[in-house]
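From a predicted model like this one, the values you see are computed outputs, not experimental measurements. Lettering of chains follows the sequences in order, A, B, ..., and the numbering in each one begins at 1.
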Amino acid sequence: MIRAENIFKNFGDQVVLNGIDFLFEAGKTNLVIGKSGSGKTVLLKILVGLFKPTSGSVWYDDIDLVTANKTSLRKLRMQVGMLFQGNALFDSMTIEENIRFPLDMFTHMTLKEKTDQVNFCLERVSLSGVNKKFPSEISGGMQKRVGIARAIVLNPKYLFCDEPNSGLDPQTSITIDELISDITKDNNITTIINTHDMNSVMEIGENICLLEKGKLAWKGSKDEVLQDKNEVLHDFIFASPFLQKLIENSK
Amino acid sequence: MNLQLFYHFGNYILWLGQIFKKPENHGMYYKETIRQMYDIGIGSLPIVFLISIFIGAVTAVQFYYQMAGTLIPPYYIGYIVRDMTIIELAPTITCLVLAGKVGSNMAAELGGMRQKEHIDAMEIMGVNTSAYLVLPKIIASLLMVPILVCAAALIGILGSYIASVPVGLFTSAEFIKGVRSFCALQCIYDVGQSSHLRIYPHKCFMLSGLFCKRGKYRVGRGQHKSSSV
């Protein structure tokens, strides 16, 4: 469980996050949605510790990330996996070396144990047999899956995904969403996904927070999304002309 | 302006503190150091070879023409070439060229990693990026550059021999006599000067790469700024 408590973030005079309070639950896919510039990425970077909030706290169970000492911070880092928008795979390393990197750096496993763990993760994301390829030799969807495999190789308790569907076709997006959702359920991890893809919201949004101009505009689950009368939520979801036409036709 | 200077100096000191922290995994740092040594050492050998051979050749030929018709014995040219190459030209020119070539490689590599979020990814994993990405490069530079400078001095002297003896400017025996008036201290000076010249430009390049802002233009500007420093 991760709890954001009264998070404020300013860049100079510009207020980017304005008092965000939200509970990201364990074993659920928690979605942060909102328009571009609403503060989603800044919130995610604060949650993983890449940015410090101007004020407020980020609680990982009972540890406050903002005030944690270096030892607990280091332990915490070992329990965090992240999938980046651009995958952030090291292009000079093979897929196997990419996934093995956290194991090489932080564990004292033998090479065989590490290779087994890498193969297990690759099988988990349905990508067996690409160990010796380089990131540039595989497709964007496969790169996302390798990114997920690297994020879960240390069996993290917390998984962060920054726009996991960006640049992917709808079918591959659904596969990635389902994969993240399955991993979350199977390992009972706290997953936070930053997205503006409505398919993801309707597929895997178990706990959703909508940001608007740095404020929490709405929270709920995918089942409540269509019923709720919140104006900001309505504007965000039905922004697409295609959906609007569908609604008009159904009426 | 002055306050900016203090700000950057303070950041530099804090960054140095980060670099020399205990590594997370000595094996990984060792591997990275070896990779960097290969890149810096073997990767720079062709350019060092090319520059040194011409420096030596030009020095020998120019001195021969300047001293032609004087009472100075011809073997002095070997002596002058040796001293000029070892004391000044090999360390200075090699370090300048390497600072440009290897330094901008480093700035571009680190800047590219910052852009593609590789550094963020490592930080989230818990890697001390300042140490893992910079310390191996510093160690590799400190070890490889003196070796390259010694190679440059040797190649320079060889270049002067090739440019002067076969074309008959003076005899091989005269050249070797001049070169063999040996003083060990000069070599130590050579290696010392190269290490000294080497470390500061490289740190500037790495600092500019590691902390460059996102955007290819910014990476380029970072490189340009550091090369000017």
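- Using a cut-off of 4.0 Å between Lys/Arg side-chain N and Asp/Glu carboxylate O, Asp21(A) and Arg3(A) are scored as not salt-bridged.
- Salt bridge Glu109(B)/Lys137(B): present, at least one basic N to carboxylate O contact under 4.0 Å.
- The greatest number of non-hydrogen atom pairs below 4.5 Å with chain B, out of Val80(A), Leu76(A), Leu50(A), is found for Leu50(A).
- Both the backbone and the side chain of Asp91(A) come within less than 4.5 Å of a heavy atom in chain B.
- Residue contact with chain A, scored on non-hydrogen atoms closer than 4.5 Å, involves the side chain of Met28(B) exclusively.
- Between Tyr60(A) and Phe160(A), the angle of the ring planes lies from 30° to 60°, which puts this pair in the tilted group.
- Considering CD1 of Ile180(A) and NZ of Lys144(A), their distance stands at 9.0 Å, rounded to 0.5 Å.
- With a 4.5 angstrom heavy-atom cutoff, Leu89(A) touches chain B only via backbone atoms.
- Among His108(A), Arg150(A), Met105(A), Arg74(A), the residue with the largest count of heavy-atom pairs under 4.5 Å with chain B is Met105(A).
- For the atom pair CG of Leu65(A) and NZ of Lys52(A), the computed distance is 7.0 Å after rounding to the nearest 0.5 Å.
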